Protein chains: 4
Amino acid sequence: MPIVSEEYKEEKKEQILDSAFECFAKKGFQTATMDDIVAHCGMSKGAIYNYFSSKEEIYLDLLTRATDKNFAQYHKHFAKHRTASSKMDYLFNAYLSANPIDRNRLEYIVVFYEFNLHSTRDPDLLQQLHERKRKLVTLVNDIIQEGQQLGEFKSNIPSQLYAERFWTIIDGVNLHAVYDDFPYYDVLRELKEMYLDELKSE
Amino acid sequence: MPIVSEEYKEEKKEQILDSAFECFAKKGFQTATMDDIVAHCGMSKGAIYNYFSSKEEIYLDLLTRATDKNFAQYHKHFAKHRTASSKMDYLFNAYLSANPIDRNRLEYIVVFYEFNLHSTRDPDLLQQLHERKRKLVTLVNDIIQEGQQLGEFKSNIPSQLYAERFWTIIDGVNLHAVYDDFPYYDVLRELKEMYLDELKSE
Amino acid sequence: MPIVSEEYKEEKKEQILDSAFECFAKKGFQTATMDDIVAHCGMSKGAIYNYFSSKEEIYLDLLTRATDKNFAQYHKHFAKHRTASSKMDYLFNAYLSANPIDRNRLEYIVVFYEFNLHSTRDPDLLQQLHERKRKLVTLVNDIIQEGQQLGEFKSNIPSQLYAERFWTIIDGVNLHAVYDDFPYYDVLRELKEMYLDELKSE
Amino acid sequence: MPIVSEEYKEEKKEQILDSAFECFAKKGFQTATMDDIVAHCGMSKGAIYNYFSSKEEIYLDLLTRATDKNFAQYHKHFAKHRTASSKMDYLFNAYLSANPIDRNRLEYIVVFYEFNLHSTRDPDLLQQLHERKRKLVTLVNDIIQEGQQLGEFKSNIPSQLYAERFWTIIDGVNLHAVYDDFPYYDVLRELKEMYLDELKSE
DNA sequence: CATGAATGAGCTTTCATTCAT
DNA sequence: CATGAATGAAAGCTCATTCAT
């Protein structure tokens with residue numbers, strides 16, 4: 001019998017997560033302190049510990065939610081697309097339409113890839129990292145196979161490998177977005193064309 | 001014991017850097033403690049501070065040396081190659097011949113990309129990060145232009161952009177090497193072919 | 001316990017300062033450790049750092065408060081005195097009535113003069129030292145000038161110089177109080193008479 | 001059977017003591033490090049430990065020598081003076097002729113009084129402090145008694161007390177020399193006159 | 001005797017977490 | 001639930017002293 005509504009709690013949690021993200025972005029997970037987060041979100045230290053049991057848990061929750069939100073968005077948009085091509089197009093465009101010099105996006109990139117590397121050291125997190133990656137690969141693999149069945153894509157290419165290659169490209173491009181002189185659009189656009197050319201039947 | 005040779009001191013430094021690398025690989029820069037490094041390299045805390053003035057300096061030196069060594073290796077090998085094609089081949093093969101599941105290589109990847117992301121937050125380090133990247137892009141750009149002049153590569157392609165694309169691909173592949181089920185060879189080989197196909201004159 | 005009154009916090013601060021004083025008195029600022037202070041005041045190390053940001057800050061606050069208290073006391077008592085003579089008398093008596101072998105007073109003397117000498121090496125502290133001294137000289141100078149205007153004191157003496165001389169004497173006597181066989185009263189009483197004799201009109 | 005001559009050793013010792021003095025003056029005994037002294041005197045750390053067994057010993061030796069030199073100087077000069085008056089004159093003039101803003105002198109003052117306060121905390125050092133002070137008081141006391149016997153000084157004054165008073169004045173003036181706007185000459189000259197007036201028979 | 005690299009106890013300070021109010 | 005003062009283990013770093021060469 002909770003005293004406050006679930007909505008209230010969820011709202012509070014998101015406030016904390018937003019502040020935590022800002023702090024992790026500015027200083028990194030290890031260097032950002034609970035006091036930083038407290039100062040940023042305006043509530044008390046005790047309050048935060050009512051919603052999260054540790055700094056690590058905030059970190060985990062923050063990034064789990066971010067990737068979940070990502071997945072949800074993908075699936076939501078895919079529902080609107082009829083062809084595999086348009087789905088692939090959508091995926092590429094999700095990154096092409098992103099503003100590479102948007103401070104918030106860069107911060108997210110840094111925090112996100114730092115978390116991936118961090119996850120490398122903890123068996124449980126590594127497990128989750130693999131699962132998420134598998135889901136991402138499957139997402140693209142399904143599209144490619146769909147395109148192959150519908151005749152949009154060449155039927156003799158290894159779909160799984162192409163799915164892997166897609167995310168390899170995306171992560172490469174994202175990582176380079178931290179260089180402010182990186183020709184993000186141009187590189188990504190060309191890679192997209194190169195990629196789709198190989199994929200599509202003549 | 002005092003009055004030791006420069007070689008001795010250099011050797012000591014490398015011992016410390018090796019131990020530090022192991023510790024940073026196992027726990028990350030922030031989490032690894034000086035005591036960890038002390039325990040790993042067997043010398044006393046004071047001894048380490050005779051060679052490096054802070055944990056941060058060890059970190060910086062470690063990664064500066066690693067990238068310098070990398071550059072030196074590239075330039076050394078390029079001297080042996082006559083054609084631009086064979087140089088590009090060498091570059092790709094440097095990554096294709098790497099064992100993606102070699103523990104040491106994975107550790108290096110994690111530490112290296114973590115350092116890049118870390119550098120993002122310090123103006124001085126960011127500056128260095130940019131410089132290193134510029135040098136890497138120039139390295140490839142020079143090869144491509146050389147190939148264009150010699151008629152090996154298409155003359156109408158933007159060499160700079162292709163150089164950027166090269167490192168985007170490499171970083172993407174490296175980053176995915178942390179997933180033990182990643183088909184490292186296959187993905188990289190196909191990307192290499194795709195990349196060189198576009199580059200070479202028919 | 002949180003959300004405590006300002007009084008509570010002030011009390012805590014004073015507890016810490018009292019303990020710090022004891023420790024500095026016993027060992028000196030540099031030699032006394034935070035652990036000594038922790039052990040003496042019974043609270044945790046973290047608690048102390050909630051009230052002061054460094055050992056140095058404790059030292060500074062301790063001595064700033066002590067001298068401020070001194071000034072306040074002087075001014076408070078001067079309000080009760082009508083003549084310049086009685087004010088000078090009060091000043092001398094403040095030192096004559098002090099118990100020279102009181103352990104606490106001796107400790108204060110040592111800590112206080114050590115701090116003065118310490119301040120000599122830091123431009124900011126030296127500045128403060130000068131200001132405090134100027135205020136002390138002004139305090140006495142004002143009294144002398146007042147006495148000259150009222151005809152109590154000779155009008156042809158340089159008041160400023162006499163003010164300087166007053167504190168010279170006081171500091172000399174204080175410093176010698178650390179010698180337990182020093183005839184504190186006798187020396188100070190004679191110096192007082194000598195001093196006032198020269199000051200007073202016949 | 002020492003390998004090097006005593007003179008050589010003594011010279012080395014003095015080199016070390018000079019450097020140590022500079023360092024203690026600049027930073028204080030606790031804050032100055034052996035490395036500071038090493039850097040200043042140009043010899044190795046081990047060399048210093050051949051002549052002194054600890055930093056504390058350097059400190060002690062430094063100040064013992066300084067005060068011994070002082071005593072020796074006094075006695076040497078007193079031999080030249082015939083009257084008690086001229087001896088007292090000499091003593092006062094030793095301080096009156098000192099340049100109060102001479103950096104070296106100020107440094108000596110700070111180091112010297114810091115050492116006195118430091119000695120307060122160690123029974124052995126306190127003992128030495130007392131002995132030295134007793135000798136200083138005796139020095140002046142002897143002069144005054146000599147003057148009384150020769151009829152130069154009033155015979156009914158307590159010589160011991162006057163001797164105490166002398167050093168009280170000197171220490172007060174010295175201590176104030178650290179304030180660069182202190183009218184050192186004027187204050188000391190007036191105190192001298194005041195003092196001698198009381199002493200001398202009409 | 002001279003050297004300076006090595007030692008390691010000990011220092012100040014930080015900060016995730018707890019819990020009395 | 002909210003608060004923020006309290007905790008104390010641990011962190012990075014220093015430095016007087018030693019001793020192999």
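Computed from a predicted structure; not experimentally measured. In what follows, chains carry the letters A, B, and so on, assigned in the order in which the sequence lines appear, proteins first and then strands, with residues in each chain numbered from 1. Just so it is clear, the values below take in all heavy atoms, side chains as well, and ignore hydrogens, waters and symmetry mates.
Going from atom CE of B/Met34 over to atom C1' of E/dT7 covers 14 Å, rounded to whole Å. C/Tyr49 places its OH atom 4 Å from the P atom of E/dT13, with the value rounded to the nearest Å.
Of the two residues contacting DNA chain F, namely C/Met43 and B/Gly46, the nearest-nucleotide position lying further toward the 5' end is that of C/Met43. Annotation: of the two residues near DNA chain E, C/Ala47 and B/Gly42, the 5′-most nearest-nucleotide partner is B/Gly42. DNA chain F is contacted by both B/Phe29 and C/Asn50; C/Asn50 maps to the nucleotide lying nearer its 5′ end (nearest heavy atom per residue).
Within the 4.0 angstrom heavy-atom criterion, no nucleotide atom of any strand lies near B/Ser53.
Listed for the B/Lys27 side chain is no donor-acceptor partner under 3.5 Å among the backbone atoms of B/Asp36.
Between D/Tyr51 and the phosphate of E/dA2, there is a side-chain N or O to OP1/OP2 separation shorter than 4.0 Å. At the phosphate of E/dA2, neither OP1 nor OP2 sits under 4.0 Å from any side-chain N or O atom of D/Ser44. At E/dA6, one or more side-chain N or O atoms of B/Tyr8 fall inside 4.0 Å of OP1 or OP2 (strictly under the cut-off).
The stretch residues 12-20 of chain C has no heavy atom under 4.0 Å from DNA chain E, so no residue of it qualifies as close.
Comparing F/dC1, E/dA16, E/dA5 by their closest approach to the side chain of A/Lys9 singles out F/dC1.
Between the side chain of A/Lys45 and the base of E/dT17, a donor-acceptor pair under 3.5 Å is found.
A donor and an acceptor atom, one from each side chain of C/Gln128 and C/Ser119, are nowhere located under 3.5 Å apart.
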